[in-house]
Q: 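Quick one: this structure, given as structure tokens, is what I'll be asking you about.
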Amino acid sequence: RLLNCGASIMARPSIGSWITYGLGTENQNLPGFVVLVPKGMPVAGADNWQSSFLPGAFQGTYIETQDRKAADLIDHLTNTDLDPAAQRAQLDFTTALNRRHQATRSDPALEARIQSFETAFRMQTAATDAFDIGRESEKTREMYGDTTLGRQFLIARRLAERGVRFIQLWHGAGQPWDSHDDLEKNHKRLAMEADQPIAALLTDLKRLGMLDETLVIWGGEFGRTPTV
């Protein structure tokens, strides 16, 4: 929480929320702030990507990346009961009711809900494309590696390519790098898991001409040296 929000106790907006709030997003069909975690939650959970006193629309969208198919990564990505036209009509009706209710009271949470419904509707087509790494060439997939982290980094590149403003990748649930014993063994294993995907991401961004305008930060809150 301290690394992401600048405070360990008091609720503060996360860095991703601030950046998305200040700069916006280039793609209205996808969330502006996406959080990718292999499975589970890091320590402090969703507080790490909270929007706090900023509008709720700017908090991070959490997605587990252990599955391979886009439809498995995001719940309810397709609607089996209504076609797009019927869904649009349903959403417009719901929005009209919410706007009428909003006119009688000031409720930031309601505005965030309206925006989340709209984004979810548009994501049905945009996310299916963005999260489908099977559309990448075999050479590209091999460069990232057929691992959970490898697929996660490739998804991140596809999201950046489509204008998602802030993408945060977590190595795993809890605090994987917070080793209390066997530090050399554990850190070496973790470094090996991340080394190939990170190198692939930087290489890929450069190949696509995106590295000049993409800020890549790798880090954590703290660490222990192998001498501990």
Side-chain angles (χ1 to χ4, degrees), residues 3-4 15-16 27 30-43 45 48-49 60-75 77 123 126-179 181-226:
L3 175 68
N4 289 284
I15 182 173
N27 190 333
L30 292 168
F33 176 16
V34 176
V35 179
L36 303 175
V37 185
K39 185 179 181 181
M41 284 280 191
V43 171
N48 288 289
W49 47 87
T61 298
Y62 166 85
I63 296 174
E64 291 187 350
T65 58
Q66 65 172 350
D67 293 311
R68 293 172 179 268
K69 297 179 181 179
D72 296 330
L73 294 175
I74 304 173
D75 291 336
L77 189 57
M123 280 181 66
T128 301
D129 171 66
F131 287 88
D132 186 2
I133 62 173
R135 304 188 184 199
E136 297 286 337
S137 68
E138 182 178 354
K139 180 179 180 181
T140 297
R141 297 197 303 272
E142 288 178 352
M143 181 173 65
Y144 282 85
D146 188 20
T147 64
T148 300
L149 278 184
R151 294 190 292 273
Q152 181 168 281
F153 273 76
L154 182 50
I155 290 171
R157 193 227 75 204
R158 290 177 64 82
L159 291 174
E161 195 176 16
R162 286 158 177 77
V164 175
R165 180 67 68 183
F166 194 96
I167 307 153
Q168 188 172 45
L169 288 73
W170 294 77
H171 196 118
Q175 295 181 151
W177 286 85
D178 185 17
S179 300
D181 52 28
D182 291 330
L183 270 67
E184 182 176 6
K185 175 184 177 181
N186 289 328
H187 283 187
K188 183 180 292 185
R189 173 181 55 81
L190 292 165
M192 289 182 65
E193 290 175 359
D195 180 66
Q196 180 179 347
I198 290 173
L201 175 65
L202 296 175
T203 300
D204 219 7
L205 290 174
K206 185 175 182 179
R207 175 182 67 85
L208 295 169
M210 298 173 59
L211 192 57
D212 291 340
E213 56 184 23
T214 304
L215 178 62
V216 181
I217 300 175
W218 188 98
E221 292 194 30
F222 70 95
R224 296 183 176 90
T225 68

Q: Excluding sequence neighbours, so at least two apart, what forms salt bridge (Lys or Arg N to Asp or Glu O under 4.0 Å) with E193?
A: R189
Q: Can you sort out the partners of V37 under side-chain contact (heavy atoms from CB on, under 4.5 Å), two or more places apart, ordered by chain and number?
A: V35, Y62, W170
Q: Sequence neighbours excluded, which residues qualify as side-chain hydrogen bond (donor to acceptor under 3.5 Å, both in side chains) partners of R158?
A: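 Counting only residues at least two positions away or on another chain, R158 forms a side-chain hydrogen bond (donor to acceptor under 3.5 Å, both in side chains) with E136.
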Q: For the backbone of Q175 and the side chain of D178, can you confirm whether one donor and one acceptor N or O come within less than 3.5 Å of each other?
A: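 Flag not set: sc D178 to bb Q175 has no pair under 3.5 Å.
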Q: Only counting residues at least two apart or in another chain, list the ones meeting side-chain contact (heavy atoms from CB on, under 4.5 Å) with K185.
A: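 Residues passing side-chain contact (heavy atoms from CB on, under 4.5 Å) with K185: D182.
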Q: Kindly state each residue pair satisfying salt bridge (charged side-chain N to carboxylate O under 4.0 Å, His left out) with at least one member in residues 196-219, sequence neighbours excluded.
A: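 Salt bridge (charged side-chain N to carboxylate O under 4.0 Å, His left out) check on residues 196-219 returns R157-D204, D204-R207.
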Q: Going by side-chain hydrogen bond (donor to acceptor under 3.5 Å, both in side chains), name the residues that satisfy it together with D129, two or more places apart in sequence or in a different chain.
A: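 Listed in chain order: R135, R162.
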Q: Who passes side-chain hydrogen bond (donor to acceptor under 3.5 Å, both in side chains) against T214, sequence neighbours left out?
A: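 In terms of side-chain hydrogen bond (donor to acceptor under 3.5 Å, both in side chains), with neighbours along the sequence ignored, T214 is linked to no residue.
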Q: Not counting sequence neighbours, which residues clear ring pair (Phe, Tyr, Trp, His ring centres under 6.0 Å) with F33? List them please.
A: F166
Q: How would you list, by chain and number, every residue that makes a side-chain hydrogen bond (donor to acceptor under 3.5 Å, both in side chains) with Q196, sequence neighbours excluded?
A: none
Q: Report the C-alpha distance between Q168 and N48 in whole Å, list the side-chain angles of each, state the deciding distance to 0.1 Å, and finish with yes or no for side chain to side chain donor-acceptor pair (under 3.5 Å).
A: CA-CA 10 Å; Q168 188 172 45; N48 288 289; over 6 Å; no
Q: By side-chain contact (heavy atoms from CB on, under 4.5 Å), which residues pair with P31, not counting sequence neighbours?
A: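 P31 satisfies side-chain contact (heavy atoms from CB on, under 4.5 Å) with V34, T61, T119, M123 only.
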